[in-house]
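None of these values were measured; they are calculated from a predicted model. Indexing begins at 1, ligand by ligand and atom by atom, following the structure's order.
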Amino acid sequence: MFKLPGLIDPHVHVREPGQIHKEDWDSATQAALAGGVTMILAMPNTKPPIFDASTLDLALDSAKRKARCDYAQFLGAGPDNADAVAALAPKAAGLKMYLDSTFGELRLNDMTLWMPHFQKFPKDYPIVLHSESRTMAAGILFATLYDRPVHIAHVSLKEEILLIKAAKERGIKVTCEVCPHHLYLTTPSPLHPSPSGRGDGGEGRLEVRPRLATQQDVDALWENLDVIDCFATDHAPHTLAEKDSENPPPGFPGLETLLPLLLTAVDSGRLTLDDLIQKSVINPRKIFRLPEQPETWVEVDETAEYEIKAEHQFTHCGWTPFEGWKVKGKVRKVVLRGRVAFEDGKVLAERGYGRNVRS
Ligand code: NCD
Ligand code: ZN
């Protein structure tokens, strides 16, 4: 048994307001605690999206009533809200800019729409980019031109991690995160071969943005662990019915599998415990300027071996891309600000115990 500091997950889709059949502030923060995560940064592609003062209030009101772990809420960059979001910066986790298509309606197609955000958003609050491949190169150029830090979400490709490495070597203010699914899963090998043979139990579940990549890409991420600043789940719950439908939305749940998967990598010698703490606690705290959580820790049984099962999870979505995976390392207990928040499979923190770290 050993103790870790509470993990910070800088990339979580809580789905409230608007899509609470997928997840809400209660279930998302229960999933977080069960996964040893004591602070989440919530993404703005909700319904409505969080892009001004009244929608920010909408999200924060629900969070205040329901969250069981600590949190902050991102703002979304829209075509004409650069002044509004810049003024709200101190109340938010940061600004999320969607430069590529994904779930939701926040994509900024035209680079002229990026400019006012890069000009106006305060430099000491983070801008996070959903940017893939060449869009990422453009985003890094913007960081250079406007001389401000950017954080690249969910890096998945070899060309991306090598580009970020080169940018860092040049002193460009870029940081990045990688998700466990991009470290562990490749496409096209189906995760869930359909027992019916109709292809209804696999393909939709594999949909995620950025897409799963090749073994070469996965290897490049592992080979460049020192370029990766943070681990993030991109916890993006959609129900099983939605995933297995004609039009499967992209996204995987991840809060409850993050730490077990990372501990399994520690067990097999692919990752050090120091690296895990650096990328899941220390670096996110620094990059997003988050406060320390006093009297907060996670007790882990590093010898416990078990199978990941959706039925044991707190997320509402009812599935995991890691179903049946054997992992080593279990969260036994989570203490958040002096109170036991999770123990032996039970969430003990109450609704509303979570604090907005930007208030
Ligand atoms: C995310 C979602 O469902 O909100 N989906 C995903 O595949 N990652 C959106 C996103 O982060 O791109
Ligand atoms: Zn996301």
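Of the possible polar contacts, one joining the T296 side chain to the P294 backbone as a donor-acceptor pair under 3.5 Å is found. Distance alone, capped at 3.5 Å, is enough to place a donor-acceptor pair between the K168 side chain and the V227 backbone. Side chain of K243 to main chain of P249: a donor-acceptor pair is present (N/O by atom type, distance under 3.5 Å, no hydrogens or angles). Formation of a donor-acceptor pair under 3.5 Å by the E343 side chain with backbone atoms of L348 is not found in this model. With hydrogens and angles ignored, the 3.5 Å screen pairs a side-chain donor or acceptor of N45 with a backbone N or O of F103.
Ion pairing between a basic and an acidic side chain is recognised when a charged N comes within 4.0 Å of a carboxylate O; E307 and K326 show such pairing. No salt bridge links R209 with D100; every basic N to acidic carboxylate O contact stays at or beyond 4.0 Å. In summary, R134 and E132 do not engage in a salt bridge, as defined by a charged side-chain N under 4.0 Å from a carboxylate O.
Contact annotation for R209 and ligand 1: heavy atoms of both the backbone and the side chain come within less than 4.0 Å of the ligand. Only the side chain of R15 comes within 4.0 Å of ligand 1, counting heavy atoms alone; its backbone N, CA, C and O stay farther away. At a heavy-atom cutoff of 4.0 Å, ligand 1 is contacted by no atom of E207, backbone or side chain. With a 4.0 Å heavy-atom cut-off, ligand 1 is reached by the side chain of D234 but not by its N, CA, C or O.
The shortest distance between side-chain heavy atoms of D147 and K123 falls below 4.5 Å. Side-chain contact between P210 and L157 is absent, with no heavy atoms from C-beta onward closer than 4.5 Å. Side-chain contact between V327 and L263 is absent, with no heavy atoms from C-beta onward closer than 4.5 Å.
In this structure, M43 has no heavy atom closer than 4.0 Å to ligand 1.
Backbone and side-chain nitrogen or oxygen atoms of G251 are examined, and one is located within less than 3.5 angstrom of a nitrogen or oxygen of ligand 1. Between Y98 and ligand 1, not a single N/O pair is under 3.5 Å apart.
In summary, the atoms of ligand 1 found under 4.0 Å from a heavy atom of N45, numbered by their order in the structure, are 2 (C), 4 (O), 9 (C). Close approach to H130 involves these atoms of ligand 1, each under 4.0 Å from a residue heavy atom: 12 (O). Under a 4.0 Å criterion applied to the non-hydrogen atoms of F103, ligand 1 contributes the atoms 2 (C), 3 (O), 4 (O). Which parts of ligand 1 touch H11 is read off a 4.0 Å heavy-atom cut-off, strictly below it: atoms 11 (O). Taking every heavy atom of A236 and a limit of under 4.0 angstrom, the matching atoms of ligand 1 come to 1 (C), 2 (C), 3 (O), 5 (N). Of all the atoms in ligand 1, the ones that sit under 4.0 Å from a non-hydrogen atom of V208 are 7 (O).
Residue H154 forms a ring-ring contact (aromatic ring centres under 6.0 Å, His included) with just one option from H13, H130, H235, and that option is H130. Considering K330, K328, R332 as possible partners of D301, the one that fulfils the salt bridge (charged side-chain N to carboxylate O under 4.0 Å, His left out) test is R332.
Cation-pi contact between R337 and Y353: present, with separation from the ring centre below 6.0 Å and deviation from the ring axis of at most 45°.
Nearest protein heavy-atom contact of atom 5 (N) of ligand 1 is P250 O, 3.1 Å. T102 OG1, 3.3 Å is the protein heavy atom nearest to atom 9 (C) of ligand 1. For atom 11 (O) of ligand 1, the nearest non-hydrogen atom of the protein is H13 NE2, 3.0 Å.
Around the Zn ion (ligand 2), protein N, O or S atoms at less than 2.8 Å number 3.
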